**Student:** 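Please read through the structure below; I'll follow up with questions.
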There are 2 protein chains.
Amino acid sequence: MTDAAREDVLNRLENGDYSCAKEFTLAMFAGKWKLIILCQLNEHGAYRFNELRRLLPKVTHKVLTNQLREMTQDQLITRTVEQEKPLKVIYTITPLGQSLMPIIDAMCDWGDARLAQLQVTPHFSANEAALPGA
Amino acid sequence: MTDAAREDVLNRLENGDYSCAKEFTLAMFAGKWKLIILCQLNEHGAYRFNELRRLLPKVTHKVLTNQLREMTQDQLITRTVEQEKPLKVIYTITPLGQSLMPIIDAMCDWGDARLAQLQVTPHFSANEAALPGA
DNA sequence: CTGTATCCGTTCGGATACTG
DNA sequence: CAGTATCCGAACGGATACAG
């Protein structure tokens, strides 16, 4: 699990095993929803809990809570509680979180290129690309 | 699990949901051992199954097999069987796998910087950094 | 509105034995 | 040597109910 992996890296760090900078970075965003959350917060600046929930249709209450808690612990996002009634909790991205964006952008690019290479331009036959003008 | 995440992205692609280039990339190396395997193969060129096993002390036979199979399917590595007795199976990194290295390097850098920031220079008190010459 | 606790099916991962 | 199959305990993830 992404959780387990994160725990594992964190534990290794506590034990002085620190030969794992890349795993550490990976653990920051390897959760099933963390990339999307990060990008959304980066683009739009702030979201409340249920707004995020609506943004990520297939995420569960429990799982979203968990992802957000981990990201808060890792200081990728900030959790701000406004003590009104009803309660308001605002999530925003931190500078640390933003510092991950170049990596995430690189992942976008790689993914786009790779998917194009696989000719997964969906709903068109896989051979289309081979016979354009000719 | 990283497996599950990978399956999920793959399924989404098959269904034409392809708004997920970054998740796709993530799924390439999000497995617990894939980063290390990739780096090792990139540095040393080729390894046999049991050599990898020794390199990754805590990995299980079954899990390693699985990680290698997925990476082969994703065309990040190549599996070559030499039909001698006893059997020899060689794993090497592909150009596609190598094309991930810039991203992985960026992850190393980010992780190094972040760990330094956290003052996890292990086995030294967390305050050492604050009182050098003074 | 947010978040926690519980129950419970599903899936993961370790150990072991077996095949080619 | 390399990989598969099986068994089984552990962890995850969904649904629901409850609390602040």
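Computed from heavy atoms alone, side chains included, the values below leave out hydrogens, waters and symmetry copies. Letters A, B, ... are given to chains in the order of the sequence lines, protein chains preceding strands, and every chain is numbered from 1. Here the structure is a predicted model, which is why all the values come from computation and not from measurement.
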**Student:** With B:Cys39, which residues qualify under side chain to side chain contact (heavy atoms under 4.5 Å, CB included), at least two apart?
**Tutor:**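 B:Cys39 satisfies side chain to side chain contact (heavy atoms under 4.5 Å, CB included) with A:Lys22, B:Met101, B:Ile104 only.
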**Student:** Among all residues two or more places apart in sequence or in another chain, which pass the side chain to side chain contact (heavy atoms under 4.5 Å, CB included) test with B:Asn50?
**Tutor:**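 Residues passing side chain to side chain contact (heavy atoms under 4.5 Å, CB included) with B:Asn50: B:Arg53, B:Arg54.
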**Student:** Give me the atom names and distance for the closest heavy-atom approach of A:Ile36 to B:Glu23.
**Tutor:**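 Shortest heavy-atom contact: CG1-OE2, 2.9 Å.
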**Student:** In this structure, how many angstroms lie between the P atom of D:dA11 and the CG atom of A:Asn66, rounded?
**Tutor:**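 To the nearest whole Å, that distance equals 15 Å.
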**Student:** Could you tell me the separation between the CG atom of B:Leu76 and the CG atom of B:Asn42, rounded to the nearest 0.5 Å?
**Tutor:**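 Here the interatomic distance stands at 11.0 Å.
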**Student:** Could you tell me the separation between the CD1 atom of A:Ile90 and the P atom of C:dT2, rounded to a whole number of Å?
**Tutor:**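 Rounded to whole Å, this separation is 8 Å.
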**Student:** Are B:Lys34 and B:Glu70 ion-paired here, with the side-chain N under 4.0 Å from a carboxylate O?
**Tutor:**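 Salt bridge flag = yes for B:Glu70 with B:Lys34.
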**Student:** Which heavy atom of A:Leu118 sits nearest a heavy atom of B:Phe24, and at what distance?
**Tutor:**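 Result for this residue pair: CD1-CZ, 4.1 Å.
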**Student:** How far does CD1 of B:Ile103 sit from OG1 of A:Thr25, to the nearest 0.5 angstrom?
**Tutor:**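 Here the rounded value is 12.5 Å.
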**Student:** Between residues 37-55 of chain B and DNA chain D, which residues have a heavy-atom gap below 4.0 Å?
**Tutor:**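 Output list: B:Arg48, B:Phe49, B:Asn50.
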**Student:** In whole Å, what is the span from the CZ atom of B:Arg69 to the C1' atom of C:dC12?
**Tutor:**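 Result: 14 Å.
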**Student:** Between B:Tyr91 and D:dC1, does any side-chain N or O lie under 4.0 Å from OP1 or OP2?
**Tutor:**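 No, B:Tyr91 has no side-chain N/O under 4.0 Å of OP1/OP2 on D:dC1.
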**Student:** Is the backbone N or O of A:Val63 less than 3.5 Å from a side-chain atom of A:Thr60, with the two atoms forming a donor-acceptor pair by type?
**Tutor:**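 Absent.
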**Student:** Can you list, pair by pair, the side-chain donor-acceptor contacts under 3.5 Å of residues 78-93 of chain A, counting residues two or more places apart and other chains?
**Tutor:**
residue, atom, partner, partner atom, Å
A:Arg79, NE, A:Tyr91, OH, 3.4

**Student:** To the nearest Å, give me how far apart CD (A:Gln83) and C1' (C:dG3) are.
**Tutor:**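 That distance rounds to 13 Å.
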**Student:** Does C:dT2 have its OP1 or OP2 closer than 4.0 Å to a side-chain nitrogen or oxygen of A:Arg79?
**Tutor:**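 False: A:Arg79 side-chain N/O out of range (4.0 Å or more) of C:dT2 OP1/OP2.
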**Student:** At what angle, to 10 degrees, do the two end axes of the helix from C:dC1-D:dG20 to C:dG20-D:dC1 meet, given five pairs define each axis?
**Tutor:**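 Inter-axis angle at the termini of the helix from C:dC1-D:dG20 to C:dG20-D:dC1: 40°.
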**Student:** For every nucleotide of nucleotides 14-20 of chain C, 5' to 3': is a protein heavy atom under 4.0 Å from its base (B), only from its sugar-phosphate (S), or from neither (-)?
**Tutor:** BB----B
**Student:** Measuring from atom CD of B:Gln98 to atom CD1 of B:Ile77, what distance do you get when rounded to the nearest 0.5 angstrom?
**Tutor:**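 So the CD of B:Gln98 and the CD1 of B:Ile77 are separated by 12.5 Å.
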